[in-house]
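Everything below concerns the one structure shown next.
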Amino acid sequence: MALITAEEYKESLNDGREVYYKGEKVDNVTTHPNLGVCVDLMAIDYEMAEDSELRKLAVMEDPETGEEISRYYYTPKNAEDLIKAHDLIVKATELGDGYIPLAHDIGADALNAINITANMMGNQDYVDRIQNYRKHLQEKDLATCAGVTDVKGNRNYRPSHPEQAHPDFNVRVVEKNSKGIVVRGAKVHITGAAYCNDILAIPCRAMSEADADYAVAFAIPANTKGIRQVCRPFTSHISPLEFPNSRPVRVHTDSLIIFDDVLVPWERVFLCGEWKFAATMVYNFALMHRRTGCAYRIPLSEQFVGVGAAIAEYNGISEAPHVKEKLIDLIIYLETLKSLSKTACYDFVMRGDIAVPNPIATNMAKYHFAHNYHDVVKIVQDLAGGLTVTAPTYKDYMRPELHDDIDKYLMGNKNISTENRLRMFDLIRRITTSDLETICLHGEGSPMAERMTIYMEGAKVLKQCQKLVEEMAEIKR
Ligand SMILES: Cc1cc2nc3c(=O)[nH]c(=O)nc-3n(C[C@H](O)[C@H](O)[C@H](O)COP(=O)(O)OP(=O)(O)OC[C@H]3O[C@@H](n4cnc5c(N)ncnc54)[C@H](O)[C@@H]3O)c2cc1C
């Protein structure tokens, strides 16, 4: 068996996993009124593979076996592979109305990071294990997520530091036996974990020798005994002003995953004590995941440009010079993100036999998106005006004694109906006043993480440029 259908994916989730949501233990995530919405979003990845047109992007033939596999689980070898995966992420996110379905991509970023690290270690056992695991994912078409971020405790101290309140803030190995390792700890903010099949866990930071027990990476089914998940709550309505909308609601949730002395069989252990390689793994994960993140922020950035242009027209201000300036800023924001994201793929670098996106361009793209996000939201909110948050609801609009007055008084540009103007306010309110602000800032790493990587990767650029000016100034050293 290779590819599975969206229905088969959903059925696979009814497996006894221990998931909690708003104080309740969830019996079946697929039928839960809120979590079911997330499952439907994740299922888009499987629906794409079933669609005659979209499958060209979502599916590819494994060159070794001739079997059809998800493009996400193919090992990228060149710019074309990276670009196709990039375009697949953008398309999937468009279908998710700005939310990435996430069934395979973040898991694939962790898979590739583990693969690169195993190759760099030269440890044939680990190389064989991760290649077998990749085959397993390709054959079963499993949905995966990446459990990277540990709860961490006091950020000022290392995982093993005696000043930490307890030793379990980062996931660690507490026992090794003939069957495998036993792990304890908690990962946090893990998107899609409640409705994926497997969790890939890797360290979230560099480790020292004293932290060797925390240098651990593994893959584990989400329904394994000892794993408990607590999901982030969210509001599952699509329309704050209650405008009728036939498009499905799209949203994800993120889990606090508690590993309560969980046994991981040896064949799924990919790092166990090799502390020097924890940094290699998390670094490569962050690199690939930031490229994924930049791709899935493109549709959201297009939405900002779209609502900015629309509401300027609906309010009748499109031709005002200050409005044009703001629209230019929106276009620059979007096009810079698109250019940097694609450049990162074309200007790829090889890590052994795996192509990875250009580190500086990738981190610049993610930093650009996160750093300027609030300014872009501010522009849209500014162009829209206060009705974004004060407009009457659809139910008030439809009351016979109010309808004509609301129609009359809340009109802007006479070429646009009041209902359409109100619908646009509704959309703006939805996409600019939500959890997205924090998601965009911290998802794929906080802005300082990107700046530090740019500094590290840019060391060569600093040297080259310094040499250039020293030559110009005829300085001999
Ligand atoms: C919606 C969402 C989805 C996410 N999905 C996933 C996922 O699927 N998988 C996953 O593994 N992670 C996921 N993350 C986690 C994300 O990568 C982290 O939020 C990010 O790395 C920041 O970590 P933190 O939230 O623990 O914040 P912190 O690390 O506590 O950062 C807060 C601030 O403290 C600063 N800081 C941190 N440590 C230090 C230090 N030692 N010294 C000085 N300053 C410091 C940071 O620069 C930042 O300004 C997700 C996050 C969000 C918000």
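FYI, side chains are in, hydrogens and waters are out, and symmetry mates aren't considered; it's all heavy atoms of this structure. All figures in this text were calculated on a predicted structure; none of them were measured in a lab. Order of appearance sets the numbers: ligands from 1, and atoms from 1 within every ligand. One-based numbering along the sequence shown.
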Nearest protein heavy atom with distance in Å, relative to atom 29 (O) of ligand 1: K152 NZ, 2.8 Å
salt_bridge(D40, K10) N-O dist < 4.0 Å: yes
Nearest non-hydrogen protein atom, atom 41 (N) of ligand 1: R155 O, 2.9 Å
Trace of the side chain to side chain donor-acceptor pair (under 3.5 Å) decision for Y72 with T144: CA-CA 11 Å; Y72 290 112; T144 49; over 6 Å; no
Non-hydrogen protein atom less than 4.0 angstrom from atom 43 (C) of ligand 1: no
Exercise check, heavy-atom protein proximity under 4.0 Å to atom 34 (O) of ligand 1: no
For atom 12 (N) of ligand 1, closest protein heavy-atom neighbour: T149 OG1, 2.7 Å
Electrostatic pair R129:D125 at N-O distance under 4.0 angstrom: yes
Between Y73 and H136, a side-chain donor and acceptor under 3.5 Å: no
4.0 Å protein heavy-atom contact status of atom 24 (P) of ligand 1, strictly under: yes
Ligand 1 N/O within reach of D254 N/O, cut-off under 3.5 Å: no
Y46 vs H104, ring pair (Phe, Tyr, Trp, His ring centres under 6.0 Å): CA-CA, chis, key distance, verdict: CA-CA 10 Å; Y46 293 97; H104 307 95; 5.1 Å; yes
Under-4.0 Å heavy-atom contact between protein and atom 1 (C) of ligand 1: yes
Shortest protein contact, atom 21 (O) of ligand 1 (heavy atom only): G445 CA, 3.6 Å
Closest approach of any protein heavy atom to atom 32 (C) of ligand 1, naming residue and atom: H442 CE1, 4.1 Å
Check: I69 main-chain N/O paired with Q138 side-chain donor or acceptor under 3.5 Å: no
Exercise check, heavy-atom protein proximity under 4.0 Å to atom 47 (O) of ligand 1: yes
N or O pair under 3.5 Å between V148 and ligand 1: yes
Short N or O distance, T191 and ligand 1, threshold 3.5 Å exclusive: yes
Centroid-centroid distance, F243 to F425, less than 6.0 Å: no
N or O pair under 3.5 Å between H189 and ligand 1: yes
Numbering as shown, the atoms of ligand 1 that approach M448 to under 4.0 Å (heavy-atom distance): 47 (O)
I190 neighbourhood, listing ligand 1 atoms whose heavy-atom distance to it stays under 4.0 Å: 7 (C), 8 (O), 9 (N), 10 (C), 11 (O)
Nitrogen or oxygen atoms of A146 and ligand 1 under 3.5 Å apart: yes
Lys/Arg cation over aromatic Y367: R451, 6.0 Å, 45° cone: yes
Pairwise side-chain contact, M281 with I114, heavy-atom cut-off 4.5 Å (strictly under): yes
Side chain proximity check, R291 to V356, heavy atoms < 4.5 angstrom: no
Ligand 1 contact by C145, heavy-atom criterion under 4.0 angstrom: no
Validation row: P76, F348 side chains within 4.5 angstrom (heavy atoms): no
